[in-house]
Amino acid sequence: TCAGCHGTAGASPGSTIPILGGQHARYLADALRAYKTGEREFYVMNIIAQAFDEGQIGAISHWFSSQPWIDSATPNRASVAGIGEPIAGAKCAQCHGLDGRGGEFGPRIAGQPVTYLNKVIREYKGGKRNNAGAVLMMIVRDLSDRDIEALSHYYSRLR
């Protein structure tokens with residue numbers, strides 16, 4: 001079910017679909033639960049998540065987290081990424097790490113596709129994501145379009 005969009009073992013082939021392989025299991029399970037309850041909205045994922053019980057959510061999350069991380073092959077711009085580093089240090093590093101590999105409070109974002117990161121940051125900024133992590137992501141509300149673009153390129157470029 002997942003491979004059709006997220007690629008074999010979670011190595012997403014597209015620019016708007018996140019990489020799941022190697023992502024933190026807790027984050028993946030929380031995301032699936034949020035799709036299941038409608039806290040997080042994307043019609044395809046809302047439908048798919050409805051089919052899974054708690055045991056299946058745990059098994060799927062564990063399986064994806066045990067796969068190797070394969071960075072996005074989508075292009076990014078070094079000149080824009082350089083502008084993003086100080087913003088990342090000030091806004092994102094506490095939860096995602098300056099290296100973008102995530103941790104207890106945030107998922108891995110290093111190596112994700114630029115377009116996906118840009119879309120997600122804009123969704124949090126606009127209040128369109130209301131899951132549990134949305135409270136922490138209020139930190140992006142004051143970012144300009146240029147800042148969001150720079151952050152997206154910066155974290156995508158980290159491999």
Side-chain angles (χ1 to χ4, degrees), residues 2 5-7 9-42 45 49 57 60-62 64-159:
C2 307
C5 294
H6 294 281
S12 174
S15 64
T16 60
I17 300 169
I19 297 165
L20 302 183
Q23 186 59 273
H24 302 285
R26 188 172 114 192
Y27 170 77
L28 293 171
D30 288 347
L32 275 172
R33 286 186 203 104
Y35 282 123
K36 184 174 181 155
T37 64
E39 286 179 86
R40 197 164 163 180
E41 294 182 20
F42 184 68
M45 286 303 302
I57 288 173
I60 291 165
S61 301
H62 175 73
F64 273 117
S65 72
S66 70
Q67 302 306 303
W69 180 272
I70 298 176
D71 293 317
S72 171
T74 60
N76 54 64
R77 295 190 318 263
S79 60
V80 177
I83 298 166
E85 186 172 7
I87 301 165
K91 295 280 187 180
C92 313
Q94 186 173 353
C95 295
H96 299 285
L98 193 57
D99 65 0
R101 294 181 186 261
E104 185 178 346
F105 300 111
R108 179 182 176 138
I109 56 178
Q112 289 283 13
V114 172
T115 304
Y116 170 74
L117 291 172
N118 196 303
K119 173 185 171 290
V120 170
I121 295 168
R122 289 178 192 284
E123 287 174 352
Y124 279 116
K125 179 180 177 172
K128 293 179 182 172
R129 285 197 177 200
N130 299 310
N131 54 307
V135 173
L136 298 172
M137 289 299 293
M138 288 179 65
I139 199 164
V140 302
R141 295 244 167 113
D142 66 339
L143 294 178
S144 69
D145 289 345
R146 182 176 184 254
D147 292 342
I148 293 170
E149 186 74 14
L151 276 174
S152 300
H153 283 270
Y154 172 72
Y155 277 114
S156 178
R157 195 162 179 75
L158 296 178
R159 313 239 163 152

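Computed from a predicted model, the values in this text were never measured in an experiment.
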Taking it one step at a time, do Leu32 and Met45 satisfy side-chain contact (heavy atoms from CB on, under 4.5 Å)?
CA-CA 8 Å; Leu32 275 172; Met45 286 303 302; 3.9 Å; yes

side-chain contact (heavy atoms from CB on, under 4.5 Å), that's the test. Do Arg157 and Val114 meet it? Break it down for me.
CA-CA 8 Å; Arg157 195 162 179 75; Val114 172; over 6 Å; no

Please step through side-chain contact (heavy atoms from CB on, under 4.5 Å) for the pair Ile109 and Leu117, ending with a clear verdict.
CA-CA 8 Å; Ile109 56 178; Leu117 291 172; 3.9 Å; yes

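Contact check on Arg40 versus Asp30 returns no salt bridge, with no Lys/Arg side-chain nitrogen under 4.0 Å from an Asp/Glu carboxylate oxygen.
Here the CZ-CG distance, from Phe64 to Leu28, works out to 8.0 Å after rounding to the nearest 0.5 Å. For the atom pair CG (Leu143) and NZ (Lys91), the distance works out to 5.5 Å, reported to the nearest 0.5 Å. Here the CD1-CG distance, from Ile70 to Leu20, works out to 12.0 Å after rounding to the nearest 0.5 Å. Put simply, CD on Glu41 and CZ on Arg129 are 11.0 Å apart, with the number rounded to the nearest 0.5 Å. Between the CD1 atom of Ile87 and the OH atom of Tyr154 there is a distance of 11.0 Å, given to the nearest 0.5 Å. Interatomic distance, CD of Gln112 versus OG of Ser152, reported as 11.0 Å (0.5 Å rounding).
The heavy-atom pair separating Arg26 from Glu104 by the smallest distance is NH2-O, 3.1 Å. Here the closest non-hydrogen pair linking Gly21 and Trp69 is O-CE3, 3.1 Å. Pairing each heavy atom of Cys5 with each of Pro13, the nearest pair is O-CD, 3.7 Å. What you find for Ala25 and Ser61 is that their closest heavy atoms are O-CB, 3.5 Å. Taking all atoms of both residues into account, the shortest heavy-atom contact from Phe105 to Cys95 is CB-SG, 3.8 Å. Smallest separation of non-hydrogen atoms from Pro18 and Tyr116: CB-CZ, 3.4 Å.
At least one donor-acceptor pair under 3.5 Å links the side chain of Asp147 to the backbone N or O of Ser144. At distances below 3.5 Å, at least one donor-acceptor pair connects side-chain atoms of Gln23 with backbone N or O atoms of Arg108. Side-chain atoms of Arg159 come within 3.5 Å of backbone N or O of Ser156 as a donor-acceptor pair. A donor-acceptor pair is defined here as one N or O able to donate and one able to accept, closer than 3.5 Å; no such pair exists between the side chain of Thr74 and the backbone of Pro113.
With contacts defined as side-chain heavy-atom distances shorter than 4.5 Å, the pair His24/Ser65 does not qualify. For the pair Lys36/Ile57, a side-chain contact is recorded, criterion being any heavy-atom separation below 4.5 Å from C-beta on. Inter-residue side-chain proximity for Arg141 and Tyr124 is flagged as unmet; no heavy-atom pair is nearer than 4.5 Å. Residues Pro107 and His96 are in side-chain contact: their nearest non-hydrogen atoms beyond the backbone lie under 4.5 Å apart.
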